[in-house]
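Structure, as structure tokens:
Each chain gets a letter, A, B and so on, in the order the sequences are listed, and its residues count up from 1.
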2 protein chains.
Amino acid sequence: MAATTHLTPLVHPERDEMTVEAVLRALADPVRLAIVRQLARSEAEVSCGGLEVPVTKSTLTHHLGILRAAGVIAGRQDGTTRFNSLRRNDLDELFPGLLDGVLAARR
Amino acid sequence: MAATTHLTPLVHPERDEMTVEAVLRALADPVRLAIVRQLARSEAEVSCGGLEVPVTKSTLTHHLGILRAAGVIAGRQDGTTRFNSLRRNDLDELFPGLLDGVLAARR
DNA sequence: GTCGTAGTTCGATGGCGACCGTACACGGCG
DNA sequence: CGCCGTGTACGGTCGCCATCGAACTACGAC
């Protein structure tokens, strides 16, 4: 009983639960910004291992959690791999131009 | 000689010295976000004392310094009062849509 | 000159968050 | 079954930053 899978149920905020503050705080870190840029570049989903970041796996998990909690990315579980994607639609709806402005920045 | 005025010469970054990271970090604080919103609302310049923020003067100085160093605001000295304004043009040029997206957020 | 007002600078403190290593839970494959 | 490979959870450390109070400078008015 209780299907012992205590893998976090992977909860994401609804649109109206997202705040610009949380999004800005999520984007205001070089590692997380790199993650967002990679997700934006490759239009498809990217597994955690497919992300190139200069931190260990546990730290990566930490960053992905923050991005997910802010509503910046969505995660989908498939077997043992977790696929991540940008929540472009929701971000553009709530904060039109914000994501594009960030991505437009020269590296 | 040396015109003893050691009031900080109020240096601002040029456009090509501004980074999206610094801007995001500057915006990712509730107090600073409130400052930016107030500057955006009142199209004119606002003195430090005219800003409504829930912190002491010294902390306000600290926040204005960060916003200025990131290139988000400009400061102009006039007597003992310091007038602040949003660098809309520069921000829109470098990160088109970013500022508008932030300001579009529901409070 | 003497206030009062506007804002900065300095030093100290407290809390949050980025980071790591280790241990653990799953799922797939032999 | 045992073993990898993927990723999470936990505990701990360390550094940065938001915050404050107090002392200070600068300007204007009286």
Counting heavy atoms from C-beta on, name the nucleotide in D/dT8, C/dC26, C/dA18 closest to the side chain of A/T80. C/dC26

Testing C/dT8, D/dC10, D/dT19 for proximity to the side chain of A/S58, the answer is D/dC10

Figure out the CD1/C1' separation between B/I35 and D/dA18, and round it to whole Å. 12 Å

Between B/T59 and D/dT19, is there a contact of a side-chain N or O with OP1 or OP2 at under 4.0 Å? no

Measure the CG-CD1 distance between A/N84 and A/I35 for me, rounded to the nearest 0.5 Å. 8.0 Å

Round to a whole Å and report the spacing from CG of B/L64 to C1' of D/dC17. 16 Å

Can you tell me if A/R82 touches the phosphate of D/dT6, counting only side-chain N or O atoms and a distance under 4.0 Å to OP1 or OP2? no

Send over the distance from B/R68 CZ to C/dT8 P, rounded to a whole Å. 7 Å

Rounding to a whole Å, what distance do you find between B/L67:CG and D/dC17:P? 14 Å

Proximity to the side chain of B/T81 - top-ranked nucleotide from C/dG7, C/dA18, D/dT19: C/dG7

Residue that, paired with B/R32, satisfies side-chain contact (heavy atoms from CB on, under 4.5 Å) out of B/L60, B/V53, B/L67: B/L67

Under 4.0 angstrom between B/H63 side-chain N/O and D/dT19 OP1 or OP2: yes

Whole-Å gap separating P (C/dC16) and CD (A/E21): 15 Å

What pair of heavy atoms forms the shortest contact from A/A70 to A/P13, and how long is it? C-CG, 4.1 Å

Give the rounded distance in Å between these two atoms: CG of B/L10 and P of D/dA26. 15 Å

If you check every side-chain atom of B/I66, which of D/dA18, D/dG7, C/dG17 has the closest atom? D/dA18

Euclidean distance, atom CZ of residue A/F83 to atom C1' of C/dG27 [Å, nearest integer]: 13 Å

Among C/dC19, D/dG7, C/dG7, which nucleotide sits nearest the side chain of A/V55? C/dC19

Of the listed nucleotides C/dG17, C/dC19, D/dG7, the one nearest the side chain of A/R25: C/dG17

Choose from C/dG7, D/dG7, C/dA18 the nucleotide whose nearest atom is closest to any side-chain atom of A/K57. D/dG7

Atom pair CD1/CD1 of A/I66 and A/I73 - distance to nearest 0.5 Å: 10.5 Å

Between A/T56 and C/dC20, is there a side-chain N or O to OP1/OP2 distance below 4.0 Å? yes

In Å, rounded to the nearest 0.5 Å, how long is the span from CZ of B/F83 to CD of B/Q77? 9.5 Å

What is the distance from CD of A/Q77 to P of D/dG7, rounded to the nearest Å? 8 Å

Which nucleotide in D/dA18, C/dA18, C/dT8 has an atom nearest any side-chain atom of A/H62: C/dA18

